[in-house]
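After the structure tokens below, expect a handful of questions from me.
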Amino acid sequence: MYEIENVLRDYAWGSTTAIAALLGRPESGRPEAELWIGAHPDSPSVARVPEDGTPTALDALISRDPEHFLGADSVARFGPRLPFLAKVLAAAQPLSLQVHPSLEQARAGFARENAEGLAADAPNRNYRDDNHKPEMIFALTPFEALCGFRPAARTREILQHVAAAFDAAEGEAPALVGALLEDLGAADESAGLRAAFERLITGGSSVAGDTALVVAALLSGAPLAPYETELATVISLNEKYPGDPGVLISLLLNRISLQPGEAVYLPAGNVHAYLHGLGVEVMASSDNVLRGGLTPKFIDVPELLRTIDFQPVAVPMLPAERTVMDQELFRPPFEEFQLQRIELAPDAGPVPLAQSGAAVVIVVAGDIYLDSPRGDLRLSRGGSAFLAAAEAPVNVHPVAGSRERALAFAVTTGLPHSADRG
């Protein structure tokens, strides 16, 4: 077992307080957006080798003996790299509207951009690696997000409400509102959603001007009910990104509010944006993002349109499975990862770690004790560890004499583990 130190990313949208408060450490004074826990080569965690305490990047450590660290099944399925990346994510402001490619799209796009000679850090690069990035988010606090296309008829109702607000004020609704209503009335629902999205993402200054008119009408006292949440989102997004196409694109998407303990998963092609909140995010180990608004960064519209799935979807909630001692396991329909939530009372018995291949663990409350046939490790709040596949089976214990409940999260692959095999 290796205690690890993780890399903190200070993106501008990050909270200055949430991650520090969760992990019980001093604030840095900068935005703290994402704590990366894993072996992604851009920001690998650093392990301390027990023999001499030498700090070693986790990807470099794994490369010394991939089958020992990852397990033969994982290497055969995903290659000699840790297939997942865990993060603690703290959004004080909205993230960009974005979508992630499929595995086939990622491989083709990465190869194409390499052949074109694009630098790895080029601002106009879409594909930073050759992997897909399905993901999930588990809410630690109330968590607000946009996630996937809502039924077109639902968005038409909201836009008709907006148009009525202009009528009540004896004004004329912008032409954009009528055009979107026409798009969304198409017999082929996905084609209508695509037309509306494309109209907004390519509309330039015309869309910016009409968005300003819509927001001005909403701020003038027009009734928001019964669409308070959706229209308040339009207003708040426009405050941060005035005239951005993502402001009205938000009306095409499911607007969700997760309560602490709830989770959603996001497959390839799902357009989404995290708006506010603290959570544990888990994904396939990739940094491939195609942006679609709410950002000053590069947007490749043709590639974006090729990547998006325009089918309306229900919110992809991810229910917990109950495991030994009533612990929770979140298993999205992806092979790369699953998330285990482990809560221990001071007098609780040991909880088996649901491990298949390598695992990472982070403690967010109290103290725990990890025990395996090869060794043991104590972790306190804010501490984290990398567990080699060869360490299994691992049990998680409360620390003797502790008076505080402990809470930890563990991530491993979604491949069958020992409990599944019986």
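Reckoned from all heavy atoms, side chains included, excluding hydrogens, waters and symmetry mates.
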Pairs meeting criterion side-chain hydrogen bond (donor to acceptor under 3.5 Å, both in side chains) with involvement of residues 199-215, two or more places apart: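 Pairs touching residues 199-215 that pass the test: Asp183-Arg199.
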Charged N to carboxylate O below 4.0 Å: is that the case for Arg25 and Glu32?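 Answer for the salt bridge query: yes.
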Ser190 and Asp188: side chain to side chain donor-acceptor pair (under 3.5 Å), yes or no, with the steps? CA-CA 6 Å; Ser190 63; Asp188 184 332; 3.0 Å; yes
With the threshold set at 4.0 Å, does a side-chain nitrogen-carboxylate oxygen contact exist between Arg125 and Glu113?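 Between Glu113 and Arg125 there is a salt bridge, with a charged N closer than 4.0 Å to a carboxylate O.
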In chain order, what residues pass the side chain to side chain donor-acceptor pair (under 3.5 Å) check against Asp42, with sequence neighbours excluded?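 Once residues adjacent in sequence are excluded, Asp42 has no partner under the side chain to side chain donor-acceptor pair (under 3.5 Å) criterion.
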Can you name the nearest heavy-atom pair linking Pro352 to Asn395, along with the distance?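 Heavy-atom minimum between the residues: CA-OD1, 3.4 Å.
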Closest approach of Val313 and Asn254, non-hydrogen atoms and distance?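 Looks like O-ND2, 3.0 Å.
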List the steps and the verdict of side chain to side chain contact (heavy atoms under 4.5 Å, CB included) for Leu253 and Phe197. CA-CA 10 Å; Leu253 306 177; Phe197 185 96; over 6 Å; no
Heavy-atom pair with the smallest gap, counting every atom of Gly292 and Ile299: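 Shortest heavy-atom contact: C-CD1, 4.0 Å.
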Considering residues at least two apart in sequence or located in another chain, which fulfil the ring-ring contact (aromatic ring centres under 6.0 Å, His included) criterion with His272?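 For His272 the ring-ring contact (aromatic ring centres under 6.0 Å, His included) partners, ignoring immediate neighbours, are His100, Tyr274.
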Side chain to side chain contact (heavy atoms under 4.5 Å, CB included) between Asp287 and Asp129: does it pass, once the steps are laid out? CA-CA 7 Å; Asp287 200 24; Asp129 52 63; 4.1 Å; yes
Tell me, please, which residues at least two apart from Pro332 pass side-chain contact (heavy atoms from CB on, under 4.5 Å).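 Met136, Tyr265, Leu318, Phe334, Phe337.
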With sequence neighbours excluded, what pairs up with Arg156 under the side chain to side chain donor-acceptor pair (under 3.5 Å) test?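 Checked Arg156 against side chain to side chain donor-acceptor pair (under 3.5 Å); zero matches.
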If the condition is side-chain contact (heavy atoms from CB on, under 4.5 Å), which residues does Ala72 pass it with, not counting sequence neighbours?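 Checked Ala72 against side-chain contact (heavy atoms from CB on, under 4.5 Å); matches are Glu67.
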Glu336/His132 under side chain to side chain donor-acceptor pair (under 3.5 Å): CA gap, chis, key distance, verdict: CA-CA 10 Å; Glu336 285 84 356; His132 63 165; 2.6 Å; yes
Could you walk me through whether Thr16 and Arg30 satisfy the side chain to side chain contact (heavy atoms under 4.5 Å, CB included) test, starting with their C-alpha distance in whole Å, then the side-chain angles of each, then the deciding distance to 0.1 Å, before giving a yes or no? CA-CA 6 Å; Thr16 58; Arg30 304 186 308 275; over 6 Å; no
With sequence neighbours left out, write down each residue that passes side chain to side chain donor-acceptor pair (under 3.5 Å) with Arg81, or none if nothing qualifies.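 Counting only residues at least two positions away or on another chain, Arg81 forms a side chain to side chain donor-acceptor pair (under 3.5 Å) with Asp130.
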Under the side chain to side chain donor-acceptor pair (under 3.5 Å) test, which residues partner Arg306, sequence neighbours left out?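 Arg306: side chain to side chain donor-acceptor pair (under 3.5 Å) contacts with Glu303.
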Tyr241 OH to Leu294 CG distance, which is reported to the nearest 0.5 Å: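 Reported to 0.5 Å precision, the distance equals 6.5 Å.
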Check the surroundings of atom CD in Glu182: do more than 12 heavy atoms from other residues, nucleotides or ligands lie under 6.0 Å from it?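 Not buried by this count: 12 neighbours or fewer within 6.0 Å.
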Mind telling me whether Phe138 and Phe330 have parallel, tilted or perpendicular rings, with 30° and 60° as the class edges?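 Aromatic pair Phe330/Phe138 classed perpendicular.
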Phe298: which residues meet the ring-ring contact (aromatic ring centres under 6.0 Å, His included) condition with it, sequence neighbours left out?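 Result, ring-ring contact (aromatic ring centres under 6.0 Å, His included) vs Phe298: none returned.
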Who are the ring-ring contact (aromatic ring centres under 6.0 Å, His included) partners of His397, not counting sequence neighbours?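 With sequence neighbours excluded, His397 shows a ring-ring contact (aromatic ring centres under 6.0 Å, His included) to Tyr369, given in chain and number order.
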Work out which heavy atom in Ala273 is nearest to a heavy atom in Ser96; give both atom names and the distance.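 That would be CB-O, 3.8 Å.
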Given Phe149 and Val271, is the side chain to side chain contact (heavy atoms under 4.5 Å, CB included) satisfied, shown in steps? CA-CA 7 Å; Phe149 288 100; Val271 181; 4.1 Å; yes
From Phe386 atom CZ to Asn6 atom CG, the distance as rounded to the nearest 0.5 Å: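 Here the rounded value is 12.5 Å.
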Identify the heavy atoms of Ala39 and Asp59 that sit nearest to each other, and give their distance.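 Between these two residues, the closest heavy atoms are O-CB, 3.4 Å.
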Apply salt bridge (charged side-chain N to carboxylate O under 4.0 Å, His left out) to the pair Glu144 and Arg255, showing each step before the final yes or no. CA-CA 8 Å; Glu144 307 297 322; Arg255 175 64 167 82; 2.6 Å; yes
Straight-line distance of Glu135 CD to Leu266 CG, nearest 0.5 Å: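 With rounding to 0.5 Å, CD (Glu135) is 5.0 Å from CG (Leu266).
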Restricting to ring-ring contact (aromatic ring centres under 6.0 Å, His included), what partner residues turn up for His161, sequence neighbours left out?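 With neighbours one apart ignored, the set is Tyr227.
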Under the criterion side chain to side chain donor-acceptor pair (under 3.5 Å), I'd like the reasoning laid out for Ser402 against Glu404: C-alpha separation, chi angles, the key distance, then a yes or no. CA-CA 6 Å; Ser402 174; Glu404 182 181 1; 5.7 Å; no
For residues Gly148 and Asn270, report the shortest heavy-atom separation together with the two atoms involved.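 Answer, listing the atom of Gly148 first, then Asn270: N-OD1, 3.3 Å.
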When you measure from the side chain of Ser356 to the backbone of Pro416, do you find a donor-acceptor pair of N or O atoms at a distance under 3.5 Å?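 Yes, the answer is positive, given that a donor and an acceptor are paired below the 3.5 Å cut-off.
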Holding to side-chain contact (heavy atoms from CB on, under 4.5 Å), I want the full list of residues that pass it with Ser63, two or more places apart in sequence or in another chain.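 Ser63: no side-chain contact (heavy atoms from CB on, under 4.5 Å) contacts found.
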Ile201 CD1 to Ile308 CD1 distance, which is reported to the nearest 0.5 Å: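 The CD1 atom of Ile308 is 7.5 Å from CD1 of Ile201, to the nearest 0.5 Å.
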